[in-house]
Amino acid sequence: MEIDRERTSQDHITRKQREDKEEEEEEEEEEERVKLNPIVVLLVGAPGSGKSTFCDHVMKNCPRPWARICQDTINNGKAGTKIQCLTSAGSALKHGKSVFIDRCNLDKEQRADFLKLGGPQVEKHAVVLDLPAKLCISRSVKRSGHEGNLQGGKAAAVVNRMLQKKELPKLGEGLTRITFCQDEKDVQDTINTYNALGPSDSLSSGCFGQKNANAKIQLGIMKFLKKVDSPGDARSEANVSQKCVHNEVSKEKDHWIEGTQNCSVPSGHACEDVKDCDKVEMIADGNASDNIPTLAFPSISTADFQFNLEKASDIIVEKVEEFISKIGNARLVLVDLSHGSKILSLVRTKAAKKYVDSNKFFTVVGDITRLHSGEGLNCNVIANASNWRLKPGGGGVNAAIFSAAGPALESATKERAGSLKPGKAVVVPLPPTSPLFTREGVTHVIHVLGPNMNPQRPNFLNNDYVQGCEVLREAYSSLFEGFASIVRSYGGSSKGSSGRSVESEISPTNSGQKVKREAVYESDVNKKYKGFQKDLKPSVRNYLNGKEDLDKENGRGMTKTWGSWAQSLYNIAMHPDKHKNVVIEILDDVVVLNDLYPKAQRHLLVLAIGEGLDHLADVRREHLSLLKTMHAVGLKWTEKFLDENKSLAFRLGYHSVPSMRQLHLHVISQDFNSQHLKNKKHWNSFNTPFFRDSVDVIQEVSDHGKVVLKNEDNILSMELRCHRCRSAHPNIPRLRSHISSCQALFPTGLLQNGRLVFVPSEDGTSK
DNA sequence: GTTCTAGAAC
DNA sequence: GTTCTAGAAC
């Protein structure tokens, strides 16, 4: 009893001392912890993605103390549990060590407990090693030391399974910083970042390195807007993008109208730019309420026709100066889509030097087909940098204007002229039904053809700038004269008719409009080219009859050049009757043939008959019924094949960027069982977004008048994934072996909207 | 589009 | 040594 009491008392003292000591230690630890500012870094990645290697590199070189919590080895060198990892990590944090959580952490649930470690005061980072599945598989196979196929296959299966469940981390989970690594370079950069992290340093918060869907869209927009700056741009692009970043993706308005006198010469400062913005808005607001006859024109010949920019800008300023005095109060506006446009900046500088009146001539960054709706600038006349055939197509301004104006412009143009010579222009009154008329208030389009310095285009001048400059001057003269004739014909006398009167005369509701229009129809400019049209028709006919030498004279659709080997489908489309050995069906608008190198049991091509339809990029609303015909013919053949073999499934679609010229629809069974399927490009061209389902193409053309082609550069060299279960495979032979037996249901995306054509099995599934 | 082939990857 | 890819030529 006595002894017991004594012991109890001793126990009490010991416990008390122990508690005090622990408290002291905890306080010290806390101080140490605060001083060391430890962080938790979750590595996120499949086996073989390089998580441990990442940790090793950082722990070797980074000056702060680290603990690596590895679930694979936490149990005395063997795999342990998540609880063990959490305990161990908590303890390391208490000792002021920063912690690497070296486990896959691929889904949110797996990460959640680790994100509670150390409470909110401990920063949580994620480093996502999102490397190609193929690389992870091959590394994990290698690491296991078993290179036999069986082990390799197992590793692949494990990695695949994990990657399919992968949920990329988000800041909302409780992370303060996320770094995404998609290749070895990203990994090395991230290692360097963490190596440089001293004991009390911290890294900035946010997401880094993510190339997510959003980023792609943004890139697409940037490409679309040609925001990729050309080298030697007179303006600092950094200034420009900072200046108006709020406008870049959303609607662009006003700010981009830059008066010549406000142009910032070579080294513009940000503050000047802001000033410009303010000034510009003021001008634009003024414009919105008035209706001064205005010609918006693109720089002629400097884009696709590769005319020297310095020389072109001299000529523009010279010709503008010459005409500005002749056209009364009318205005000329040089338009370019690109913010960093060199031609605009050259012209602004030169016009400013010559004191060209900035009320009568200025430059605008914007879409020439949306100057009213997009920029608040009323332009009743726009110029088109045309091709000699005066047809839609090609890229750039010509395609944009024809597309925005709708078929009305093409027919109205046809009435005026059939073709155009370099240096000439043709004035085309825009029918009031055209969206350009109703939406943008454009009453006339003036097609103008400039000199060509591009060897890939018709009438190449072979660097002869003496002739080139002459033709370019002539082109601007023809253009401005055409514009002057419009201004005159609307009673806008060269000397000071009011803008308002012009507006009233050309208003769509005005009954006098037709008469006024007729006046323009008979302008000199037009008479001249009606004759010319007859002259050139025979050559056009020759061209249509297959004289391929004339191919190069076709100024449209020339953004892509086709090698001689790429012409066979085109030749078949032009002369189906001469290719009866390969053609299995000839209809009015389409030809059907088996693919010469089928990539599946059934693989045929429905080929469009008709000139000027090289590929999807040429497709416009006017081709909608052709697209539907092609689809219907494809479906008809699919049904025939399904009658013969109900186990097949088919997709009908187009390659975004085909190798062979002439629009062709692939009808292909989804077994992909073919000796001709040999490489990544073959696979990915049918099993990534590079393959555009016919139903989607039809929808898109119907909605937008054309196909939006996102040119993702590496899409054809992407990793190989099964089109059914989406598993990744290291090479073509392995992939083929997998798809020969994969019975997974097709992804839901394919089962929607009739993208996949098949005979449903009795349980209603796609097999 | 395919074929050919050097050389990387296994 | 064999398999596979990727770039050039056509």
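Bear in mind the structure is a predicted one, so any value in this text is a computation, not a measurement. Heavy atoms only: backbone and side chains are in, while hydrogens, waters and symmetry mates are out. To find a chain, count down the sequence lines: A is the first, B the second, and so on, and within it residues start at 1.
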Counting just side-chain N and O atoms, does [X] come under 4.0 Å of either OP1 or OP2 of [N]?
X        : N     : result
A:His682 : B:dT2 : yes
A:His655 : B:dG1 : yes
A:Lys678 : B:dT3 : yes
A:Lys680 : C:dG7 : no

Over how many whole Å does the gap from [X] atom [atom1] to [N] atom [atom2] extend?
X        : N     : atom1 : atom2 : answer
A:His729 : C:dC4 : NE2   : P     : 15 Å
A:Asn684 : C:dT5 : CG    : C1'   : 14 Å
A:Leu569 : B:dG1 : CG    : C1'   : 9 Å
A:Gln567 : B:dT2 : CD    : C1'   : 16 Å
A:Arg734 : B:dA9 : CZ    : P     : 16 Å
A:Lys681 : C:dG7 : NZ    : C1'   : 11 Å
A:Asn679 : B:dG1 : CG    : P     : 10 Å
A:His603 : B:dG1 : NE2   : P     : 8 Å

Using a 4.5 Å cut-off on heavy atoms from C-beta on, say whether the side chain of A:Leu604 contacts that of A:Asn594.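 The answer is yes, as the side chains (C-beta and beyond) meet within the 4.5 Å cut-off.
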
Is the closest side-chain heavy-atom distance between A:His666 and A:Arg651 below 4.5 Å?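 The answer is no, as the side chains (C-beta and beyond) never meet within the 4.5 Å cut-off.
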
Just by distance, with hydrogens left out, do A:Gln675 and A:Tyr597 show a side-chain donor and acceptor under 3.5 Å apart?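 Short answer, no.
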
Heavy atoms only, 4.0 Å cut-off, all strands: where does A:Ile732 land among base, sugar-phosphate and nothing?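 Sugar-phosphate, no base atom in range.
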
Is the base of B:dG1 stacked against the aromatic ring of A:Trp565, taking ring centres under 5.5 Å apart and planes under 30° as the test?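 Here the ring of A:Trp565 and the base of B:dG1 are stacked, with centres under 5.5 Å and planes under 30°.
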
Would you say that more than 12 heavy atoms from the other residues, nucleotides or ligands in this model lie under 6.0 Å from the NZ of A:Lys636, or not?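 Enclosed: over 12 neighbouring heavy atoms sit under 6.0 Å from NZ of A:Lys636.
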
A:Phe686 and A:Phe672 aromatic ring geometry - parallel, tilted or perpendicular at 30°/60° bounds: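 Tilted: the ring planes of A:Phe672 and A:Phe686 meet at 30° to 60°.
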
